[in-house]
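See structure below.
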Amino acid sequence: MHAQVTSLGILSSKVHPDETRSLFSHAMSQMYRAEVPQYGSLVELVAHVNAQTLANDPELEQALRRNDEIARLGVERHGAVRLGTREELFNIRRVFAVLGMHPVGYYDLSVAGVPVHSTVFRPVANEALRRNPFRVFASLLRLELIEDETLRKEVARILSERRIFTSRVLELVRAFEAEGGLDQTQAEEFVREVLETFRWHSDATVTLETYTKMHNAHRLIADVVSFRGPHINHLTPRTLDIDAVQAVMPQRGITPKAVIEGPPRRKCPILLRQTSFKALQERIEFRGGDGGKVEGAHTARFGEIEQRGVALTPKGRKLYDKLLASVRSDVRVDATGAHAGEYERELAEGFRAFPDSWAELRDQRLAYFRCSPTVEGLAAARRDKVSPGIDELLARGHLRFDPIVYEDFLPVSAAGIFQSNLGTDEQQNYAERANQEAFEDALGAKIADEFALYAQAEQSSLDEALSQLAVAAKAQ
Ligand code: OOG
Ligand code: NI
């Protein structure tokens, strides 16, 4: 908390957005655990595998400790929501700002036959990420991609009538924007109120007939439009060994999708590997024509786990995209999981072309690293009263580089996750393509570039390390 003098000159204590975010991510986790019991089982399984992995790999344990990643690991989650209108996107940006989460990265999923484009709301500053890196993948339905004009109009009308935020949430957002923060009571109320937006509703706002029409156009449209709000559709814990979790999931009665999305297993993990279990069939009450109710079902919510590796530079990402595309064009895994084994073999084979040692990844500028002085480096600087150049410092072991963890998402993986739990691998080809400008226009803000953020983190760690050595060299 930090004290702040308000315009009336009264001393008030504002809660730091990082603290509000921690309250929020905890509350979301509790809510989802109650709504989807498999999520609870998965969280326990991940905690167990993480503890074992750390016990078996002291080097990994030390590296995570050095980078303050151990504490965040147990609470680290991401979720996803799908929004219907520009106004919903605009307001959700304001809501997430209260939680210290800002839009990073633009994802065009129309290329994969999903009529949405997306961004990720997440903390941006190193310190904020260290405290609680909660992220939400937020997609906006692209109405212009619905071909049937009558349906498009009906969808627009239904969406224009709903309000996904309580009026109290919007009041508190305005207070936050005007006062530059919320006090403790307001922050707690905000978290309670904002949960309402993400809660599951088993009663649809539309008739089964309208639902079916939307469903036939694209299952995603039915999911976005039929309910009072954008239910959180999954909450994902971070594991240190995704293969181990994937292997034991069936023993806990959870069936994962056929292949893990992303790069293959490696000595030096890169980017992001993810796997999900299929969405649940849930009972829904649709509106009857005569004011009554009609029973039906809908599948939307699923579970997912992920393993995060080092963030890649544009050069590294280009190589990743190229290798992945080549494997995916050779072997196609369909919705039934056919060819999964072959895909995995080809993926491992194809990625031999991607260097798999930290030294090579750094030397070839394929990935981002956080720099820090070693204990020996600081002692030598104090003793010798000089701080030599970077190459020299590295050669002597006076500087250390640790991988910067990837905090973002991958469009090809996201499309695979969408598709597996829409229950199809249907490919519709949309004529429209990426339109970041239209997205930002609706959002009411610019989206931050992920590469710029990593490059900045790398550079500032280097500056800081060199300045620490310089200070040590001047010490008496
Ligand atoms: C979002 C899917 C994307 C991920 O982890 O890539 C995602 C959605 O299904 O709404 O969460
Ligand atoms: Ni996800």
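Just so you know, ligand 1 is whichever comes first in the structure, and atom 1 is the first atom listed for that ligand.
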Verify the neighbour count for atom CD of Glu295: are there more than 12 heavy atoms of other residues, nucleotides or ligands below 6.0 Å? yes
Residue portion contacting ligand 1 (non-hydrogen atoms closer than 4.0 Å) for Ala80: side chain
Protein-side N, O or S atoms sitting under 2.8 Å from the Ni ion (ligand 2) are His78 NE2, His234 NE2, Glu304 OE1
Out of Glu261, Arg82, Arg301, indicate the one that has the non-hydrogen atom closest to atom 9 (O) of ligand 1. Arg82
Are Glu458 and Arg370 ion-paired here, with the side-chain N under 4.0 Å from a carboxylate O? no
Against heavy atoms of Glu304, which atoms of ligand 1 measure under 4.0 Å? 4 (C), 5 (O)
Does the side chain of Thr53 come under 3.5 Å of the side chain of Asp241 through a donor N or O and an acceptor N or O? no
Hey, is CD on Glu189 packed in by over 12 heavy atoms from elsewhere, all under 6.0 Å? yes
N-O pairing of Glu88 and Arg162 below 4.0 Å: yes
His78 to ligand 1, any heavy atom closer than 4.0 Å: yes
Can His78 and His234 be counted as having a side-chain donor-acceptor contact under 3.5 angstrom? yes
Test item: side-chain donor near acceptor, Arg273 and Ser413, under 3.5 Å: no
Logged contact type for Thr236 with ligand 1, heavy-atom cut-off 4.0 Å, is neither
Show which atoms of ligand 1 fall inside a sub-4.0 Å distance from at least one heavy-atom site of Phe409. 4 (C), 5 (O), 6 (O)
Candidate with minimal heavy-atom separation from atom 11 (O) of ligand 1, of Gln274, Arg135, His234: His234
Look at the rings of Phe227 and His231 and say which category their plane angle falls in: under 30° parallel, 30 to 60° tilted, over 60° perpendicular. perpendicular
Does anything in residues 111-127 form a salt bridge (Lys or Arg N to Asp or Glu O under 4.0 Å)? List the pairs, not counting sequence neighbours. Arg122-Asp408, Glu127-Arg130, Glu127-Arg131
